[in-house]
Amino acid sequence: MVGEDWGLIVLSFLVRVGFFLFGIYQDAHFKVRYTDIDYFVFHDAAKYVYEGKSPYARDTYRYTPLLSWLLVPNHYFGWFHLGKIIFVIFDLITGFLIMKLLNQSISKKRALVLESIWLLNPMVITISTRGNAESVLCCLIMLALYYLQKGRYIMAGLLYGLSIHFKIYPIIYCIPMAIFIYHRTRKEGPRGQLTALLKIGVSTLVALLGCGWAMYKMYGYEFLDQAYLYHLYRTDHRHNFSIWNMLLYLDSANKGNGGSNLSKYAFVPQLLLVLMTGCLQWWNPTFDNLLSVLFVQTFAFVAYNKVCTSQYFVWYLIFLPFYLSRSHISWKRGILMVTLWAVTQGIWLSQGYYLEFEGKNVFYPGIFVASAMFFLTNVWLLGGFITDLKTPMPLATAGKKNN
């Protein structure tokens, strides 16, 4: 790794230390806490594990027990903030993997700029230093893709299965990944293609089902209900940018009183769009294009998800550097896209502040209009990403990036 890369890693580490220390100060001196409310849930669940109990004894803990295990050192060493350091480490490893993959396909100078989109991104840094666990999931996904690129399908499958165990949504990547492997091994004939697909498929199932079986044996049906089934019937409406926000609120208020329950069908357009975007891998079945497809696919998943919070944006930000490395979008159009995304998000956040901190009734038109504006902006952005992805690359560039 060249000196500039190490310099970026060190700088990104120091910036995270600064955010982390400021967060501790803010928690002690400001009314609004820096620490993510979910971190308190993780921390409390880890305490139950440390005491030999189930993490689900902590109300609202709806994650794999493995996450609570990660934070057991909080209680062993008696330091509340230790888990944040663990999340920051995963965050930096993710950045290192992005750096490794980018340096294989583009110039060092350009790679350095694109790597900074993750390593020096205030949103990414804030999420990990506030104690949000998305960095763990992002690291597992990038590790799986790193080994996939190396052709180590069993290791890639094990990590991929573990990432699905942590959160279900990475399962959407199976289609573009399978298309990539199918085309990559075409010279080996049908038998070679089938062998490669079986390697990653079986190893994914081994990790996913193995972890699920182990957690079920330890924590029973409560694990299945809280870690997986809950997400099928959840009606979260707080901090939710989704176009389904108002309907979720009404369904939550009318629970048991004949509510519409229309929100349970939110997955239908989402599923169709995710399947369609995953098949974009057929247009250019290279590894570099795979990473771009995963960006578009994840963006579509988050935009159409019935629950959409700021931490979900990290799910597609891990792929943004790779998408930009082959994008044809002009810088003027790019600035417009970023501006609209940020402005409509800011409008929603202003309404959310009035609602949750000042107790004002801004559900309509405030929250509803803001959610609609943000959703329509994301739909427009998604259309631009898909069009850009299907634009052929110059032959010279494509030849260099063909993996």
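Given the structure is predicted, the values throughout are model-derived calculations rather than measurements. All residue numbers in this chain count up from 1 along the given sequence.
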Roughly how far, to the nearest 0.5 Å, is the [atom2] atom of [Y] from the [atom1] atom of [X]?
X	Y	atom1	atom2	value
H165	T64	NE2	OG1	2.5 Å
L145	I318	CG	CD1	7.5 Å
L197	T185	CG	OG1	6.0 Å
F40	T35	CZ	OG1	5.0 Å
L71	L66	CG	CG	12.5 Å
T277	F301	OG1	CZ	11.0 Å

Answer yes or no: is there a donor N or O on one side and an acceptor on the other, between the side chain of [X] and the main chain of [Y], under 3.5 Å?
X	Y	answer
Q26	V32	yes
H75	D44	no
R184	Q149	yes
S371	I243	no
S54	Y219	no
S242	N305	yes
S350	I347	yes

Distance-only donor-acceptor hits, side chain of residues 13-21, under 3.5 Å, sequence neighbours excluded:
residue : atom : partner : partner atom : Å
R16     : NE   : D91     : OD2          : 2.8
R16     : NH1  : S12     : O            : 3.2
R16     : NH1  : L119    : O            : 2.6
R16     : NH2  : D91     : OD1          : 3.3
R16     : NH2  : D91     : OD2          : 3.1
R16     : NH2  : L119    : O            : 3.4

Could you label the plane-to-plane angle of the [X] and [Y] rings as parallel, tilted or perpendicular, counting under 30° as parallel and over 60° as perpendicular?
X	Y	answer
Y364	F368	tilted
F374	F241	tilted
F223	Y56	tilted
W315	Y312	parallel

T60/R62 under side-chain hydrogen bond (donor to acceptor under 3.5 Å, both in side chains): CA gap, chis, key distance, verdict:
CA-CA 6 Å; T60 73; R62 299 187 175 100; 5.2 Å; no

With side chains defined as the heavy atoms from C-beta onward, is the minimum distance between [X] and [Y] less than 4.5 Å?
X	Y	answer
I181	K199	no
E134	L137	yes
K47	K53	no
L148	F180	yes
L382	L273	yes
V136	F87	yes
L290	Y173	no
I24	D27	no

Can you name the closest pair of heavy atoms from [X] and [Y] and give their distance?
X	Y	result
V88	S128	CG2-OG, 4.1 Å
Y160	P170	OH-O, 2.7 Å
G278	Q297	CA-NE2, 3.5 Å
S68	V49	OG-CG2, 3.4 Å
N289	Q281	ND2-OE1, 3.4 Å
Q351	A370	CG-CB, 4.3 Å

Assess the pair [X] and [Y]: is the distance between their ring centroids shorter than 6.0 Å?
X	Y	result
Y34	Y25	no
F299	W341	no
Y304	F375	yes

Excluding sequence neighbours, so at least two apart, what forms side-chain hydrogen bond (donor to acceptor under 3.5 Å, both in side chains) with S327?
D388

Show your reasoning for whether side chain to side chain contact (heavy atoms under 4.5 Å, CB included) applies to S310 and Q345.
CA-CA 9 Å; S310 297; Q345 184 182 163; 4.0 Å; yes

For the pair V343 and L340, evaluate side chain to side chain contact (heavy atoms under 4.5 Å, CB included) and give the outcome as yes or no after the intermediate values.
CA-CA 5 Å; V343 168; L340 287 175; 5.8 Å; no

Y63 and its ring-ring contact (aromatic ring centres under 6.0 Å, His included) partner, picked from F42, W69, F166
F42

Per ring-ring contact (aromatic ring centres under 6.0 Å, His included), F385 is matched among Y316, W380, Y323 by Y323

For atom CE of M276, is the number of surrounding heavy atoms from other residues, nucleotides or ligands below 6.0 Å larger than 12?
no

Under the criterion side chain to side chain contact (heavy atoms under 4.5 Å, CB included), I'd like the reasoning laid out for Y147 against Y153: C-alpha separation, chi angles, the key distance, then a yes or no.
CA-CA 7 Å; Y147 284 107; Y153 300 124; over 6 Å; no

Just checking, any donor-acceptor pair under 3.5 angstrom between side chains of T298 and Y169?
no

Go through the steps to decide whether N132 and V314 satisfy the test side chain to side chain contact (heavy atoms under 4.5 Å, CB included), and finish with yes or no.
CA-CA 11 Å; N132 191 283; V314 176; over 6 Å; no

Which pairs pass ring-ring contact (aromatic ring centres under 6.0 Å, His included) with one or both residues in residues 181-203, sequence neighbours excluded?
H183-W282

